Asks: 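Take a look at the following structure, please.
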Amino acid sequence: MKIRQATCSCTQLNAVTEGEPVRVSICHCRECQRRTGNVFGVQARFPRERVKVAGRFNRHARTGDSGERILFHFCPHCGSTVYYWAENAPETIGIPVGAFADRDFPPPTFSVYEERMHPWVLLPEGIEHMD
């Protein structure tokens with residue numbers, strides 16, 4: 001089974017995953033844009049039982065564009081978000097793909113909130129779209 005490690009910038013907080021993600025997606029919502037400081041967020045979801053977290057974290061709760069409450073866990077030293085979960089889907093943990101720093105990570109297959117997508121962003125061929 002494939003083992004991957006996601007870490008914050010200072011490596012104090014980490015999440016180790018087993019197996020492949022159940023979904024890798026791109027989110028263009030404004031909250032993901034603000035959270036990442038980029039024009040979209042890319043995240044992988046894993047079953048909760050296949051993720052082991054170590055290190056100290058702070059937590060920030062926000063309500064997403066979908067209306068669901070999401071709990072983000074980030075390093076208190078460097079501020080990097082390492083994982084999160086939505087209260088209405090506690091069986092999965094989302095991890096920003098960039099936290100893995102793995103250029104061989106599986107590509108996204110799903111794109112959401114495209115009505116907020118910057119017009120110059122190009123998406124991978126064959127990706128599933130949802131506005």
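This one's a predicted model, so the numbers in the text were calculated from it and none came from an experiment.
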Asks: So, for R4 and G19, which heavy atoms are closest and what is the spacing to 0.1 Å?
Replies: NH1-O, 3.8 Å
Asks: Which heavy atom of C10 sits nearest a heavy atom of C78, and at what distance?
Replies: N-SG, 3.6 Å
Asks: Counting C-beta onward and ignoring hydrogens, is there a side-chain heavy-atom pair between K2 and E20 closer than 4.5 Å?
Replies: yes
Asks: Can you check whether S80 reaches S9 side chain to side chain, under 4.5 Å on heavy atoms?
Replies: yes
Asks: Check whether any side-chain heavy atom of P47 lies under 4.5 Å from a side-chain heavy atom of E91, and answer yes or no.
Replies: no
Asks: With clusters built from Ile, Leu, Val, Met, Phe, Trp and Tyr whose side-chain heavy atoms come within less than 4.5 Å, directly or transitively, what are the remaining members of the cluster of I127, listed by chain and number?
Replies: L13, V24, I26, V39, F40, V42, F46, V51, V53, F57, L71, V82, Y83, W85, I93, I95, V97, F100, F105, M117, W120, V121, L123
Asks: Given side chains that start at C-beta, do those of R69 and R62 come closer than 4.5 Å, heavy atoms only?
Replies: no
Asks: Could you give the distance from SG (C27) to CZ (R35), rounded to the nearest 0.5 Å?
Replies: 8.0 Å
Asks: Any donor and acceptor pair, going by atom type alone, linking the side chain of T36 with main-chain N or O of C32 inside 3.5 Å?
Replies: yes
Asks: Under 4.0 Å between a Lys/Arg side-chain N and an Asp/Glu carboxylate O for R23 and E128?
Replies: no
Asks: Between C75 and Q12, what is the shortest heavy-atom contact and its length?
Replies: SG-NE2, 3.5 Å
Asks: How would you list all residue pairs meeting side chain to side chain donor-acceptor pair (under 3.5 Å) that involve residues 43-55, not counting sequence neighbours?
Replies: S25-Q43
Asks: With Q33 as reference, evaluate H118, R116, H28 under the side chain to side chain donor-acceptor pair (under 3.5 Å) test and give the passing residue.
Replies: H118
